[in-house]
Amino acid sequence: MVSAELARTSVGIIGNAIALILFLSPVPTFIQIVKKGAVEQFSPVPYLATFVNCGIWVLYGLPMVHPHSLLVITINGAGLFIETVYLLLFLIYSARKQRIKVLLILLAEIVFVGVLSALVLTVAHTTKVRSNIVGSIAIVGNIMMYAAPLSVMKLVITTKSVEYMPFFLSLFSLLNGISWTIYALIRFDPYIVIPNGLGSLFGICQLVLYATFYKSTQRQLAERKAVGEMGLAEMGQAVGPSKKSNVVHNEHA
């Protein structure tokens, strides 16, 4: 019979793999941003929320805070690095006003995690107290990460388009929430169960929105493409007579 600890470790490894895919799922979005040289209407909020969330969970997983949480450290350490790359790209390709805003929020998050780490490791003297403090804050951070796409969901409802809500980010957000909820239920950890359970609900809501507005998005993209092609055709027609008149003028000359 499989022991609870082995089952928990196995689910944790699966959770690590899914979370890594979740962290990497925005790569196509950032390739698009780099190609266009602008972030357009893509929001930095999910990446800022995920950055601070990963920082808090790395702190939570440290042996002197919450022992036997290596899998929590590995995936959140990887996530912290990946989100840093995303935010650097946002800083490069954002307009000046947005760039300053993102930079100030990012610096505030770094200071917050640094101060929290210093206080927890010096003021609290047992792993139980440290786990309770960091775990309670981590719940808030995790909920922020999962709730961050709410701003994008509002945009989706307003525009009836899912163009700026990446599908794979929503899908793997749901899978990530489910896997870590199961992980925390095997050996009950309320600080992981609560935010990831809510994260699963947020993920379901995003996929429902995606299914609802997928057809209208395709219709909008097709209309935009048709308008663009019509504009090019009109330009071609305008240039044609101009060239023809120049030829006639030259012949008369």
Side-chain angles (χ1 to χ4, degrees), residues 4-5 7-9 11-16 18-20 22-23 44-84 86-87 102-151 173-203:
E5 193 59 36
R8 187 172 187 265
T9 301
V11 173
I13 292 171
I14 294 170
N16 266 241
I18 293 173
L20 183 61
L22 171 64
F23 290 139
V45 174
Y47 311 106
L48 287 166
T50 305
F51 177 85
V52 70
N53 178 66
C54 288
I56 295 170
W57 280 107
V58 167
L59 176 62
Y60 179 82
L62 293 176
M64 64 283 293
V65 176
H66 194 78
H68 313 297
S69 301
L70 179 62
L71 291 173
V72 175
I73 294 177
T74 52
I75 189 56
N76 285 286
L80 194 63
F81 173 76
I82 293 168
E83 298 304 319
T84 300
Y86 292 157
L87 288 170
V102 171
L103 184 59
L104 289 175
I105 295 173
L106 181 60
L107 290 174
E109 290 180 346
I110 293 171
V111 170
F112 172 75
V113 174
V115 171
L116 176 64
S117 303
L119 288 175
V120 166
L121 295 176
T122 55
V123 176
H125 299 295
T126 65
T127 55
K128 184 177 181 180
V129 174
R130 290 170 181 170
S131 295
N132 289 338
I133 294 171
V134 181
S136 300
I137 296 171
I139 287 178
V140 178
N142 226 21
I143 292 174
M144 282 173 57
M145 182 189 79
Y146 283 122
L150 287 175
S151 59
S173 180
L174 171 62
L175 295 176
N176 183 65
I178 292 172
S179 62
W180 285 104
T181 299
I182 295 171
Y183 171 86
L185 285 173
I186 293 174
R187 194 176 73 194
F188 190 68
D189 187 333
Y191 301 119
I192 297 179
V193 167
I194 294 171
N196 284 287
L198 290 173
S200 300
L201 292 177
F202 284 130

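All values below were derived from every heavy atom in this structure, side-chain atoms included, with hydrogens, water molecules and symmetry-related copies excluded.
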- Distance-minimising heavy-atom pair for Gly77 and Val58: N-CG2, 3.5 Å
- Side-chain heavy-atom pair Trp57, Ile75 within 4.5 angstrom cut-off: no
- Task: Compare every heavy atom of Trp180 with every heavy atom of Ala19, then report the nearest pair and how far apart it is.
- Result: CB-NE1, 4.1 Å
- Minimal non-hydrogen separation, Val129 against Ala124, with atom names: CG1-CB, 3.8 Å
- Query: So do Arg8 and His68 actually touch side chain to side chain, heavy atoms under 4.5 Å?
  - Reply: no
- d(Leu106 CG, Tyr47 OH) to nearest 0.5 Å is 15.0 Å
- Item | Heavy-atom closest contact (Arg130 atom, His125 atom, distance) | NH2-CA, 4.2 Å
- Query: Side chains of Val134 and Tyr191: closer than 4.5 Å at any heavy-atom pair?
  - Reply: no
- Side-chain donor or acceptor of Tyr86 paired with backbone N/O of Phe51 under 3.5 Å: no
- Item | Contact check, side chains of Ile56 and Asn76, non-hydrogen atoms, under 4.5 Å | no
- Task: Give the minimum heavy-atom separation between Pro195 and Pro190, together with the two atoms involved.
- Result: CD-O, 4.1 Å
- Query: Which pair of non-hydrogen atoms, one from Gly15 and one from Ser179, has the smallest distance, and what is that distance?
  - Reply: CA-OG, 3.6 Å
- Query: Got Ile178 and Tyr183 here, is their nearest side-chain heavy-atom distance under 4.5 Å?
  - Reply: no
- Gap separating the OG1 atom of Thr9 from the CD1 atom of Ile14, nearest 0.5 angstrom: 11.0 Å
- Message: To the nearest 0.5 Å, what is the distance between CG on Leu175 and CG on Leu22?
- Response: 9.0 Å
- Message: So, taking the atom named CD1 in Ile194 and the one named OG1 in Thr181, what distance separates them when rounded to the nearest 0.5 Å?
- Response: 10.5 Å
- Query: Where does the angle between the aromatic ring planes of His66 and Tyr60 fall among parallel (under 30°), tilted (30 to 60°) and perpendicular (over 60°)?
  - Reply: parallel
- Hey, is the main chain of Val65 close enough, under 3.5 Å, to the side chain of Ser131 for a donor-acceptor pair? yes
- Task: Only one of Ile139, Leu185, Leu198 passes side-chain contact (heavy atoms from CB on, under 4.5 Å) with Val193; say which it is.
- Result: Leu185
- Gap between atom CG of Leu80 and atom CG of Asn53 - 0.5 Å precision: 10.0 Å
- When rounded to the nearest 0.5 Å, the distance separating CD1 of Ile182 from CD1 of Ile192 is 13.0 Å
